Visitor: 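Below are the structure tokens for one structure; questions will follow.
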Amino acid sequence: MALRTTKVLYNNSLRKWCYNLAGFNKYGLLRDDCLYETEEVTEALRRLPQNVVDERNYRIVRAVQLSVTKTILPKEEWTKFEEDKLYLTPIVEQVKNEKQERENWEKNN
């Protein structure tokens, strides 16, 4: 039981360390803000509510501005590991699955 608890704590601590090491959180970005925009990501963004897309665009513009001025946000404004929720990845996975289903159906019919 203690080993299991240690493993969970270790994994969580390691994840937080890697999250902070990546550096995007210092600009106020979320993990999904950093996705490379492929066809699937573009389609997933189209499916999101407009207010979520606007918030994403604001975070990206702010991060670019901070990068240009070679500054970062104050530490209390950094995105925290616990607050970073994947808002785009599930939709991207759904788009990929739909695309794969479509390709399989076209190949078989």
Side-chain angles (χ1 to χ4, degrees):
M1 179 88 166
L3 182 60
R4 177 185 279 169
T5 306
T6 305
K7 185 177 179 183
V8 170
L9 291 175
Y10 176 73
N11 284 341
N12 203 21
S13 297
L14 183 61
R15 286 180 182 185
K16 286 182 183 180
W17 181 78
C18 290
Y19 182 83
N20 288 325
L21 187 63
F24 59 84
N25 63 323
K26 297 175 185 176
Y27 295 99
L29 293 172
L30 301 174
R31 282 180 285 180
D32 281 350
D33 295 339
C34 301
L35 291 177
Y36 182 75
E37 291 201 24
T38 60
E39 291 178 22
E40 292 86 4
V41 172
T42 304
E43 175 60 24
L45 286 170
R46 190 187 66 74
R47 294 180 185 190
L48 283 175
Q50 188 60 42
N51 66 324
V52 176
V53 175
D54 290 341
E55 291 169 358
R56 177 181 189 268
N57 290 337
Y58 172 77
R59 288 190 301 269
I60 291 172
V61 168
R62 179 178 60 178
V64 168
Q65 181 64 33
L66 289 167
S67 177
V68 167
T69 60
K70 297 186 183 338
T71 59
I72 58 173
L73 291 172
K75 190 158 186 154
E76 58 271 1
E77 293 183 35
W78 291 5
T79 306
K80 293 166 187 58
F81 177 76
E82 297 80 16
E83 297 171 355
D84 193 354
K85 303 294 181 220
L86 298 176
Y87 67 93
L88 191 58
T89 301
I91 301 172
V92 170
E93 293 301 320
Q94 180 184 10
V95 170
K96 286 181 182 179
N97 290 339
E98 290 172 3
K99 183 178 179 182
Q100 185 64 39
E101 285 180 27
R102 191 178 313 112
E103 289 173 358
N104 288 340
W105 188 81
E106 288 173 356
K107 186 168 72 171
N108 293 331
N109 292 328

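Worth saying up front: this structure is predicted, and the values here are computed from it rather than measured. Positions are given from 1 along the sequence.
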Visitor: Check the side chains of D32 and T89 for a donor-acceptor pair under 3.5 angstrom, ignoring hydrogens and angles.
Guide: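 Present: a donor and an acceptor within the cut-off.
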Visitor: About how many Å separate CG of N25 and NZ of K80, when rounded to the nearest 0.5 Å?
Guide: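 Answer for the NZ-CG pair, K80 versus N25, is 9.5 Å.
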Visitor: Quick one, D54 and Q50 - any side-chain contact, counting heavy atoms below 4.5 Å?
Guide: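 With C-beta onward as the side chain, the pair touches.
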Visitor: Are the charged groups of E43 and R47 less than 4.0 angstrom apart, N to O?
Guide: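 Looking at E43 and R47, the cut-off is met.
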Visitor: Are I91 and V53 linked, directly or through intermediate hydrophobic residues, by side-chain heavy-atom contacts shorter than 4.5 Å (ILVMFWY only)?
Guide: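 Yes, because V53 and I91 connect within a single hydrophobic cluster, where side-chain heavy atoms sit under 4.5 Å apart.
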Visitor: Any donor-acceptor pair under 3.5 Å linking the side-chain atoms of D84 with those of Y19?
Guide: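 The answer is yes; a qualifying pair exists.
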Visitor: Let me confirm one number: the CG-CD distance from N97 to E40, rounded to the nearest 0.5 Å.
Guide: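 Here the rounded value is 10.5 Å.
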Visitor: Any salt bridge linking K96 with E103? Criterion: basic side-chain nitrogen under 4.0 Å from a carboxylate oxygen.
Guide: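 No, K96 and E103 are not salt-bridged.
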Visitor: Kindly work out whether a path of hydrophobic side-chain contacts (I/L/V/M/F/W/Y, heavy atoms less than 4.5 Å apart) joins L35 to L48.
Guide: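 Yes.
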Visitor: With a 4.5 Å limit on heavy-atom distance, are the side chains of Y27 and L73 in contact?
Guide: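 Y27 vs L73: side chains apart.
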Visitor: Where do V61 and Q65 land on the side-chain contact (heavy atoms from CB on, under 4.5 Å) test, with the steps shown first?
Guide: CA-CA 6 Å; V61 168; Q65 181 64 33; 5.5 Å; no
Visitor: Side-chain heavy atoms under 4.5 angstrom apart, residues restricted to Ile, Leu, Val, Met, Phe, Trp, Tyr: same cluster for V41 and L30?
Guide: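 V41 and L30: one cluster.
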Visitor: Return the CZ to NZ distance between R31 and K85, rounded to the nearest 0.5 Å.
Guide: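 Interatomic distance, R31 CZ to K85 NZ, rounded to 0.5 Å: 8.5 Å.
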Visitor: Indicate yes or no: at least one non-hydrogen side-chain atom of V64 is less than 4.5 angstrom from one of S67.
Guide: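 V64 does not reach S67 side chain to side chain.
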Visitor: Less than 4.0 Å between a side-chain N and a carboxylate O, is that true for E82 and K16?
Guide: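 Yes.
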Visitor: Once rounded to the nearest 0.5 Å, what's the spacing between atom CG of D33 and atom CZ of F24?
Guide: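 It comes to 8.5 Å.
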Visitor: Any chance you could measure E77, atom CD, to R62, atom CZ, to the nearest 0.5 Å?
Guide: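 Spacing of CD (E77) from CZ (R62) equals 7.0 Å.
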Visitor: Test side-chain contact (heavy atoms from CB on, under 4.5 Å) on L66 and I72; report intermediate values, then the result.
Guide: CA-CA 6 Å; L66 289 167; I72 58 173; 5.9 Å; no
Visitor: Does the side chain of N20 reach to within under 4.5 Å of the side chain of F81, using non-hydrogen atoms?
Guide: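 They are not in contact (no side-chain heavy atoms under 4.5 Å apart), so the answer is no.
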Visitor: If you take all heavy atoms of C34 and L29, which pair is closest and at what distance?
Guide: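 Where C34 meets L29 most closely, the heavy atoms are SG-CD1, 4.2 Å.
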Visitor: Can we say K107 and E101 salt-bridge, meaning some charged N sits less than 4.0 Å from an Asp/Glu carboxylate O?
Guide: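 The answer is no: the pair does not qualify as a salt bridge.
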Visitor: Can you find a pair of side-chain heavy atoms, one from Y87 and one from R56, that are under 4.5 Å apart?
Guide: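 Answer yes - side chains close enough.
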Visitor: Compute whether any side-chain donor of one residue and acceptor of the other, for N51 and E55, lie under 3.5 angstrom apart.
Guide: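 Judged by distance alone, the side chains do not pair up.
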Visitor: A side-chain contact here means heavy atoms from C-beta on lying under 4.5 Å apart; do L88 and L45 qualify?
Guide: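 Yes, side chains in contact.
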